[in-house]
Amino acid sequence: QVQLVESGGGLVQAGGSLRLSCVASGGTFSRFAMGWFRQAPGKEYEFGAAISWNGGNTYYADSVKGRFTISRDNAKNTVYLQMNNLKPEDTAVYYCAAMKNDYYNDYPHLEEYDYWGQGTQVTVSS
């Protein structure tokens with residue numbers, strides 16, 4: 001069973017930065033596409049970013065494009081989300097997810113992901 005564990009969340013002022021990490025275990029991480037989603041209080045899950053199994057393709061939501069960068073290190077079974085110029089509206093619980101079948105057009109669709117982490121809270125103060 002694949003397990004995903006996120007870390008790196010916290011409280012930051014607007015304009016600040018955070019880097020989230022997600023470590024995978026129990027599966028072949030290097031074969032999975034990986035994504036980051038978030039859920040703000042009272043709102044639906046929102047896609048943030050995704051990356052292909054080898055890091056060759058990335059996909060960003062318009063809301064984070066130019067501010068967030070997704071990357072991965074397959075040797076460490078880890079995917080990262082570097083978040084810069086954070087805004088109060090970025091406040092949410094952030095989840096990483098793994099997709100067994102790496103289809104680029106499926107990246108924004110949470111139902112296409114097979115495994116999920118428990119989430120890490122990001123709070124951006126104004």
Side-chain angles (χ1 to χ4, degrees):
Q1 181 69 14
V2 174
Q3 291 188 322
L4 304 174
V5 179
E6 302 96 335
S7 62
L11 174 63
V12 64
Q13 289 188 332
S17 298
L18 284 174
R19 188 175 82 154
L20 305 183
S21 300
C22 172
V23 179
S25 61
T28 310
F29 175 79
S30 61
R31 295 182 180 178
F32 298 150
M34 298 297 296
W36 286 95
F37 289 78
R38 64 187 183 185
Q39 187 177 34
K43 294 191 176 181
E44 300 285 328
Y45 281 91
E46 179 188 15
F47 169 74
I51 189 167
S52 61
W53 66 275
N54 64 352
N57 289 315
T58 56
Y59 192 132
Y60 295 94
D62 288 342
S63 58
V64 307
K65 198 174 296 181
R67 300 188 299 123
F68 291 10
T69 302
I70 189 170
S71 61
R72 66 189 297 160
D73 185 340
N74 285 348
K76 296 182 178 180
N77 286 357
T78 303
V79 62
Y80 304 98
L81 187 67
Q82 177 66 44
M83 305 187 295
N84 297 330
N85 190 22
L86 283 160
K87 304 176 181 180
E89 51 264 42
D90 294 318
T91 295
V93 178
Y94 282 71
Y95 299 89
C96 73
M99 180 191 296
K100 292 191 290 187
N101 296 318
D102 189 339
Y103 295 129
Y104 182 81
N105 289 342
D106 288 344
Y107 287 178
H109 305 297
L110 64 89
E111 67 272 16
E112 299 297 336
Y113 290 79
D114 300 285
Y115 307 105
W116 290 81
Q118 300 275 20
T120 185
Q121 176 70 47
V122 171
T123 303
V124 184
S125 63
S126 57

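Along the sequence shown, the residues carry numbers beginning at 1. Side-chain atoms are counted along with the backbone in the values below, which use heavy atoms only and exclude waters and symmetry mates.
Between G9 and T120 the shortest heavy-atom distance is N-OG1, 3.2 Å. Here the closest heavy-atom approach between residue E46 and residue S63 is recorded as OE2-OG, 3.1 Å. Considering all non-hydrogen atoms of both residues, S17 and Q82 come closest at CB-NE2, 4.0 Å. Here the shortest heavy-atom pairing between S126 and A14 reads CA-CB, 4.4 Å. In this structure, A92 and Q121 approach most closely via the heavy-atom pair O-NE2, 3.4 Å. Listed here is the closest heavy atom pair of R72 and N74: NE-OD1, 2.8 Å.
When side chains are defined from C-beta on, Y80 counts as touching D73, because their heavy atoms get closer than 4.5 Å.
Cluster partners of L20 are V2, L4, V12, L18, F29, F32, M34, W36, I51, Y60, V64, F68, I70, V79, L81, M83, L86, Y94, Y115, V122, V124, counting Ile, Leu, Val, Met, Phe, Trp and Tyr whose side-chain heavy atoms approach within less than 4.5 Å, directly or via other members. Under a 4.5 Å side-chain heavy-atom cut-off, the cluster of Ile, Leu, Val, Met, Phe, Trp and Tyr residues that includes F47 is completed by F37, Y45, Y59, V93, Y95, M99, Y104, Y107, L110, Y113, W116.
Atom CD of Q3 has 12 or fewer neighbouring heavy atoms from other residues, nucleotides or ligands inside a 6.0 Å radius.
At least one donor-acceptor pair closer than 3.5 Å links the side chain of D114 to the backbone N or O of K100.
If you take OG1 on T28 and CZ on R31, they are separated by 4.5 Å, rounding to the nearest 0.5 Å. Remark: C96 SG to R38 CZ distance equals 15.5 Å, nearest 0.5 Å. In this structure, CD in E6 is found 5.0 Å from SG in C22, a value given to the nearest 0.5 Å.
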Under the salt bridge (charged side-chain N to carboxylate O under 4.0 Å, His left out) rule, what do K87 and D90 come out as? Steps first, then yes or no, please.
-> CA-CA 5 Å; K87 304 176 181 180; D90 294 318; over 6 Å; no
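The salt bridge (Lys or Arg N to Asp or Glu O under 4.0 Å) search around E89 returns none, not counting sequence neighbours.
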